[in-house]
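Below: the structure, in C-alpha cells.
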Amino acid sequence: MMTEKLPQVVEAVQCLCSDPRIQVRRAILHFIKDVLSANARSCSAWDVVGHIFSEFSRTVGRRAAGDLSAQEAQEEGALQELCMDILGSLDVSASGMTKLLWPRLLLYVVPAQYTGMLIPVSRCVQALAERGDLMVREIEDLDPHFLSSMFQGPLLTPQTLLARLLVVAGSPFAGSELQAAALLLMLNLHGKIHRAVGAMWASEIPLLLQCLKGKDESFPDSAEWEQRLLKFLRVSLATMEDEAWTKGLSCELSRWLSSSPSSSGEKSFLYKALGTVLGACKEVLHIQGKLLQHLEEANAEEPSEAQVRSPPSQLLPASPGMISLLAMLLRATSTQSWTRSPHLRPGCARPEWKDFQTQEGEALRISILAFCCLIFTWEPRCIAGHRGLLSECLKAFLPTQMELDSRRAQATRSALIRAHGSLALRASKEQLLARLEGDIVGNILLLYSCSCRDLQNTLALLQSIMDFSSAFQAACDSACFNPSLKGKLLEILTDLLKKYCLGTPVSPVPLKVVLALEQLR
C-alpha cells in the first residue's frame with residue numbers, strides 16, 4: 001500500500017523544496033536518501049539527483065558568503081556532507097538507478113560549484129562503468145527542457161570535460177582524494193573524451209593514481225606532480241594525433257584561463273597546460289592568436305605592476321603565468337613541426353626543413369625564443385621560481401639549434417637584434433638611460449659579432465641602430481651618447497657602406513646605412 005502511494009508522497013515532498021529552513025532542507029535530503037534506497041523508480045517525476053547537487057551548491061554558496069553564525073555554518077557543512085554521503089552510498093545496481101543517474105551525472109562534472117561532489121560522482125561513474133551502463137544513453141537523450149532548466153554552464157564537449165578534469169587534477173589545493181577522483185573520471189569516461197586514448201590511459205592513469213597515494217612521502221611540493229600530469233597530457237595528445245581536437249582543447253583551456261580570477265590557485269596550472277597543448281598544435285595562426293590574446297590579457301590583469309617592471313608592460317607582459325606558458329611552448333619547439341593555415345597553403349601538410357626561414361612555424365619558433373631570451377635577461381621575477389624552467393628550456397634548445405653555421409641560429413640572432421631595438425623604442429626614459437649601453441647596444445653588438453653578417457643580420461643591425469638612436473634622441477641630447485660606443489658604431493656603418501657600395505648592384509643596405517648615420521649624428 002505504501003509503495004503504491006509513494007509517487008504521491010514524493011510529489012508532496014517536492015513542493016517543500018523552496019522552504020529555506022535548515023530543518024526542512026535536511027528532512028528532504030534524508031527523505032531522498034530513504035526513497036532512493038527503497039525504490040528509485042518512484043522518483044522518475046522529480047529530478048532528485050538535480051536536487052542533491054542544487055542543495056550542495058546552495059550550502060557551498062552560503063558558507064562562502066561568510067555571513068553565517070558559527071552554528072549556521074556548522075549546519076550548512078553538515079548538509080554538504082549529507083549530499084556527498086547520499087550520492088556516494090547509492091547502489092547503482094538497484095532497479096531504475098542507471099536511468100536516474102546516467103547520463104545526468106555528466107552534467108555536474110564541469111560546473112565549478114559542484115567540485116566537491118566529484119568524489120562521490122567518480123564512485124558512481126566507476127560502478128556504472130563496471131556494469132557496462134555508460135553506453136546506455138547519451139546526453140542528447142535527456143529531456144531538452146531539463147537540460148535548459150538545470151544546466152546553464154558551457155556546452156559539454158569532450159574538450160570541456162577533459163579541461164575540467166585536468167584543472168582539478170592539477171590544482172595544488174584540491175587534495176589528493178579530489179585529484180584521484182578527477183583521474184578516475186578520466187579513466188572511466190575515456191570513450192566520451194577521445195576514442196584513441198583508451199589503452200594509453202588504462203596503463204598511465206593507474207600509475208598517476210599510485211603517485212597520489214604516496215604523495216605525502218614522495219612529493220615534497222606539487223612541482224613533480226604537475227610535471228607528471230603535463231607529460232601525461234603531452235603523451236595523450238600525441239596518441240590522439242587529432243589536430244582539430246587539440247585546437248578545440250586549447251580553445252577550452254584558453255576560455256578557462258580567461259575566466260579564472262588572478263587569485264585562483266588553478267591559474268598557474270592552466271597557463272602551463274595551455275602552453276603544452278599549443279605546443280602540440282601545428283597551425284601557426286591559431287598559436288599566434290592564443291599567445292596574443294593572453295599577452296594582452298596579462299597586461300590588463302596586472303596594471304599595478306607596470307611601473308615596477310624593468311621593461312615596459314606593453315612589450316613584456318611577463319607575468320609568472322605567461323612565463324610558464326611560453327616556457328612550455330618553447331620546450332615543445334625542439335621537436336614540433338608546424339604548418340601554415342589550410343587556407344594559406346592548401347594540400348601541404350608540413351614545411352620543408354630547408355625552407356624554414358620562409359615558414360610561418362619557424363618564424364613563430366624564433367619569435368618565441370627571442371621573447372623568452374628577453375624575459376630571461378630583463379624580467380627580475382623570473383628569478384623567483386620561473387627563471388630555472390626558462391633557462392632549462394633555452395639550454396635544451398640552444399645546443400642542437402644554435403651552431404654558428406645554422407641558418408636557424410642566424411635567424412634567431414636577427415630576431416634578437418631587432419627585439420633589442422624595439423625594446424629601446426618602448427622603454428621609459430629612466431629605463432633607456434640605465435640600460436642603453438650595456439643591455440641594449442652591448443647585446444646588439446655581441447649578437448652581431450657572433451653572426452655570419454649576412455644580409456638578414458645586417459639589416460637587423462641597421463634597423464636596431466636606427467631604433468635605439470631615435471629613442472635616445474627623444475629622451476635626451478645626442479651629445480650625451482658614449483663617444484667610444486658611438487665611434488664603434490660609426491666604424492661598423494662605414495665598413496658596411498664600403499662593402500655594399502662596391503660590387504653590389506642592388507641592395508637596401510646603403511640607404512639603411514645612410515639613415516642610421518643620420519640618426520647617430
Side-chain angles (χ1 to χ4, degrees), residues 352-360 362-367 369-371 373-374 377 397-427 432 435-521:
E352 292 294 329
W353 180 260
K354 64 180 185 300
D355 295 329
F356 75 89
Q357 283 179 300
T358 64
Q359 302 301 322
E360 294 176 8
E362 293 302 328
L364 177 62
R365 190 197 311 270
I366 289 164
S367 298
L369 180 60
F371 192 92
C373 285
L374 285 174
T377 304
F397 185 90
L398 294 175
T400 57
Q401 308 294 349
M402 294 290 287
E403 298 84 3
L404 286 175
D405 58 347
S406 165
R407 295 173 67 192
R408 180 183 291 175
Q410 303 308 323
T412 304
R413 289 191 184 91
S414 176
L416 284 167
I417 290 170
R418 287 179 178 271
H420 279 82
S422 297
L423 194 65
L425 283 174
R426 290 163 176 80
L432 181 66
R435 295 181 175 270
L436 180 65
E437 294 183 12
D439 289 327
I440 297 179
V441 181
N443 284 346
I444 289 172
L445 293 178
L446 177 62
L447 288 163
Y448 183 68
S449 67
C450 296
S451 72
C452 64
R453 307 191 186 188
D454 60 359
L455 181 62
Q456 181 185 25
N457 282 293
T458 298
L459 291 174
L461 171 70
L462 293 172
Q463 185 61 53
S464 287
I465 291 175
M466 287 189 287
D467 287 344
F468 72 67
S469 297
S470 174
F472 187 80
Q473 287 182 14
C476 60
D477 189 350
S478 60
C480 300
F481 196 81
N482 185 312
S484 174
L485 201 55
K486 187 173 184 178
K488 189 173 183 63
L489 291 168
L490 288 172
E491 182 181 345
I492 292 173
L493 293 174
T494 303
D495 290 342
L496 288 174
L497 196 57
K498 291 177 182 178
K499 175 182 176 180
Y500 281 92
C501 282
L502 299 174
T504 307
V506 179
S507 173
V509 171
L511 177 59
K512 288 275 191 180
V513 170
V514 171
L515 293 174
L517 286 168
E518 177 67 18
Q519 291 286 357
L520 272 175
R521 61 181 169 80

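- Heavy-atom minimum distance, Ser464 versus Ile444: CB-CD1, 3.7 Å.
- The closest side-chain heavy-atom distance from Ile492 to Leu461 is below 4.5 Å.
- Here the closest heavy-atom approach between residue Leu493 and residue Leu517 is recorded as CD1-CD2, 3.7 Å.
- The nearest pair of heavy atoms linking Leu446 to Ser449 is O-OG, 2.7 Å.
- A donor-acceptor pair under 3.5 Å is formed between the side chain of Asp454 and the backbone N or O of Asn457.
- Within the model, atoms CG of Leu485 and CG of Leu445 stand 6.0 Å from one another, a figure rounded to the nearest 0.5 Å.
- In terms of heavy atoms, Met466 sits closest to Ala516 at CG-CA, 3.7 Å.
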Please assess Phe468 against Leu489 for the test side chain to side chain contact (heavy atoms under 4.5 Å, CB included), listing each intermediate value before the final yes or no.
CA-CA 12 Å; Phe468 72 67; Leu489 291 168; 3.7 Å; yes
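- Among all heavy-atom pairs drawn from His420 and Ile440, the shortest one is O-CG2, 3.7 Å.
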Ile465 vs Gln519, test: side chain to side chain contact (heavy atoms under 4.5 Å, CB included). Steps then yes/no.
CA-CA 8 Å; Ile465 291 175; Gln519 291 286 357; 5.9 Å; no
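- Remark: side-chain polar atoms of Ser470 are not paired, donor with acceptor, to backbone N or O of Asp467 under 3.5 angstrom.
- Closest non-hydrogen pair, Ala471 versus Ala424, comes out as CB-O, 3.3 Å.
- Residues satisfying the side-chain contact (heavy atoms from CB on, under 4.5 Å) test with Thr458, not counting sequence neighbours, are Tyr448, Leu462, Leu496, Tyr500, Val509.
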